[in-house]
Amino acid sequence: MSLQDELTTLRDEALTQINDAADVKALNQVRVHWLGKKGPLTEVLRGMKNLTPEERPVVGALANEVRDVLTAAIAERQTRLEAIALDAQLAAEAIDVTLPGRTVQQGQPHVLQQIIENLEDQFIGMGYQVIEGPEVEEDQYNFERMNLPKDHPARDMQDTFYITPEILMRTQTSPVQARTMEAHDFSKGPLKMVSPGRVYRRDTDDATHSHQFHQMEGLVIDKHITMGDLKGTLLAVAHNLFGEAHDIRLRPSYFPFTEPSVEVDISWHAVTPDMNPEDIEWIEVLGAGMVHPNVLRKSGIDPDVYGGFAFGLGPDRFAMLKYGVEDIRNFYLNDVRFLTQFDQKG
Ligand code: PHE
C-alpha cells in the first residue's frame with residue numbers, strides 16, 4: 001500500500017473513532033493515539049525518508065492535511081461533547097420551582113419560660129439583677145438563714161426532700177436572698193435582685209400541686225425602703241402580666257423571713273372606680289413582706305441601717321391564671337399540642 005493510501009485509510013479510521021468518542025476523556029485517548037509522538041501518523045512521516053524527492057512534497061502535504069483534518073475534527077467533537085455534558089449536568093441539577101416547599105417545624109420557649117423572661121425583662125428595666133442559685137441547697141441557706149431554725153414549726157409548711165440531714169432540694173427560691181445578701185457590697189449601691197428557678201416539695205401531684213414548680217424571688221435592700229415600695233413594685237408586675245386595669249390587694253399573712261408579711265391578691269377582672277368593692281373577685285398570687293431583722297443579721301447586714309422587701313411569686317400560678325390552665329401538670333407533661341398554644345411568634 002502506498003503512503004498516500006495509508007494516510008487516507010488512517011484518516012478515515014481516526015475520524016470514525018473521533019466521532020465515536022463518547023466523552024471528553026475517551027476523545028483525549030483517541031487524540032493521543034492518532035496524533036501522538038508514537039502514533040501512526042508519525043510513523044507514516046518517518047517512512048517518508050524512503051520516498052523519491054518528487055513524491056516527498058506530495059505525501060508531506062497530504063500528511064499535513066490529514067493532521068489538520070483530524071485536529072479540527074477533534075476540536076469540533078470536543079465542543080460537542082462538552083455541550084452534551086453541560087446539558088446533562090443542567091438537567092440533573094434542575095430545580096422544580098413549582099414543587100411545594102418543605103416546612104420546618106420551629107419550636108418556641110416553654111410558656112413558663114415566656115412568663116419568666118417577661119418578668120425578668122420588667123425587673124431588669126427597674127434596675128434589678130437576675131441571679132440564680134443552686135437547686136440542691138444547704139439546710140443552712142434554705143431554712144436557718146431564712147430565720148427557720150431546725151425546731152421551727154413553720155418548717156412544716158414546706159415538706160422537704162432531704163438528701164442528707166444538711167443537704168436538700170430547695171423548697172423555695174428564698175435561700176438565694178441569703179446568698180446574695182452575704183455577697184453584696186453596699187458601698188456600691190442598694191441590692192435589687194430577682195431569682196427565678198425550680199423548687200421542690202414533697203407534695204403528691206394533682207391539678208394544683210406539683211412536686212416541682214417554679215418561683216421567682218425578689219429582694220430589695222437599701223436604707224429607706226417601705227411597704228409602699230413593695231406595693232408599687234407588685235402593682236407594676238400585676239399590670240404587666242394581666243393588664244393596666246387590674247388592681248392588687250395586700251392581706252396580712254405570716255412568713256418567718258418577713259415582718260410584716262403579706263399575701264398579695266390580683267383582681268380577676270379589670271377594676272373601675274365606680275365598682276362596688278364587694279364585687280371585685282380577688283385571687284392570691286404571691287407572698288411578700290418586709291425582710292425580717294433576723295434575716296438581715298444572719299447575712300451580716302445591720303437591720304438598724306438597712307431594710308427592704310422580699311417577695312416570692314409563682315410563674316406556674318401566673319401562667320394558670322393568665323391562660324386559664326386548670327391543671328398544673330400540663331406544664332410538665334411536654335405535650336406539644338398543649339405547648340404550641342403559647343406560640344408567641346404569631
Ligand atoms: N418563700 C415563700 C414561699 O415559698 C414566699 C415568700 C418569699 C414570702 C419572700 C415572702 C417573701 O412560700
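Start at 1 and go down the list; that is how both ligands and their atoms are numbered. Each residue takes its place number in the sequence, starting with 1.
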Engineer: Below 3.5 angstrom, do we get any N/O pair linking E217 and ligand 1?
Structural biologist: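 So ligand 1 has no N or O lying under 3.5 Å from an N or O of E217.
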Engineer: Tell me, which protein residue and heavy-atom name are nearest atom 5 (C) of ligand 1, and how many Å apart are they?
Structural biologist: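 The closest heavy atom on the protein side is G312 CA, 4.1 Å.
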Engineer: More than 12 foreign heavy atoms under 6.0 Å from CD of E117: is that the case here?
Structural biologist: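 Yes, the 6.0 Å shell around CD holds more than 12 heavy atoms from other groups.
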Engineer: Between Y254 and L286, is there a shared hydrophobic cluster once you connect ILVMFWY residues whose side-chain heavy atoms come closer than 4.5 Å?
Structural biologist: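 Different clusters: Y254 never reaches L286 through Ile, Leu, Val, Met, Phe, Trp or Tyr contacts under 4.5 Å.
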Engineer: Do D335 and R337 meet the salt-bridge criterion of a basic N to acidic O distance under 4.0 Å?
Structural biologist: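 D335 and R337: salt-bridged.
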Engineer: When M193 is tested against each of T180, V220, I221 for side-chain contact (heavy atoms from CB on, under 4.5 Å), which residue passes?
Structural biologist: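 Testing each of T180, V220, I221 against M193, the sole residue satisfying side-chain contact (heavy atoms from CB on, under 4.5 Å) is T180.
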Engineer: Give the atom numbers and elements of ligand 1 that come within less than 4.0 Å of a heavy atom of F255.
Structural biologist: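 Taking each heavy atom of F255 in turn, ligand 1 has 8 (C), 10 (C), 12 (O) under 4.0 Å.
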Engineer: Which bit of A288 gets closer than 4.0 Å to ligand 1, counting heavy atoms only: side chain, backbone, both or neither?
Structural biologist: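 Contact part for A288 vs ligand 1: backbone (N, CA, C, O).
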Engineer: Is Q215 near ligand 1, meaning one of its heavy atoms is under 4.0 Å from it?
Structural biologist: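 Right, Q215 reaches ligand 1.
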Engineer: Between ligand 1 and T171, is the shortest N or O to N or O distance under 3.5 Å?
Structural biologist: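 No; the residue has no nitrogen or oxygen that sits under 3.5 Å from a nitrogen or oxygen of the ligand.
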Engineer: Only heavy atoms of S174, strictly under 4.0 Å: list the atoms of ligand 1 that pass.
Structural biologist: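 Ligand 1 atoms under the 4.0 Å threshold to S174: 1 (N), 7 (C).
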Engineer: Q172 versus ligand 1: do any nitrogen or oxygen atoms come within less than 3.5 Å of each other?
Structural biologist: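 Yes: some nitrogen or oxygen of Q172 is under 3.5 Å from one in ligand 1.
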Engineer: Would one find an N or O of R201, backbone or side chain, under 3.5 Å from an N or O of ligand 1?
Structural biologist: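 For ligand 1, there is an N or O atom that lies under 3.5 Å from one belonging to R201.
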Engineer: M290: heavy atom below 4.0 Å from ligand 1, yes or no?
Structural biologist: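 Per 4.0 Å heavy-atom rule, M290 does not contact ligand 1.
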Engineer: Side chain, backbone, both or neither: which applies to F311 and ligand 1 if a contact is any heavy-atom pair less than 4.0 Å apart?
Structural biologist: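 For F311, only backbone atoms sit under 4.0 Å from ligand 1.
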Engineer: Charged N to carboxylate O under 4.0 angstrom, R155 versus D139?
Structural biologist: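 Yes, R155 and D139 are salt-bridged.
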Engineer: In this structure, does ligand 1 have an atom that sits under 4.0 Å from one of the heavy atoms of Q158?
Structural biologist: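 Under 4.0 Å: yes for Q158.
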Engineer: To check you understand the geometry: which heavy-atom pair defines the closest contact between M146 and A178, and what is its length?
Structural biologist: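 Residues M146 and A178, closest heavy atoms: SD-CB, 4.3 Å.
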Engineer: Do the two ring centres, one from F311 and one from F123, sit under 6.0 Å apart?
Structural biologist: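 So the answer is yes for these two rings.
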Engineer: Is R179 positioned over the aromatic face of Y141, cation under 6.0 angstrom from the ring centre and no more than 45 degrees off axis?
Structural biologist: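 Positive - R179 is close enough to the ring of Y141 and near enough to its axis.
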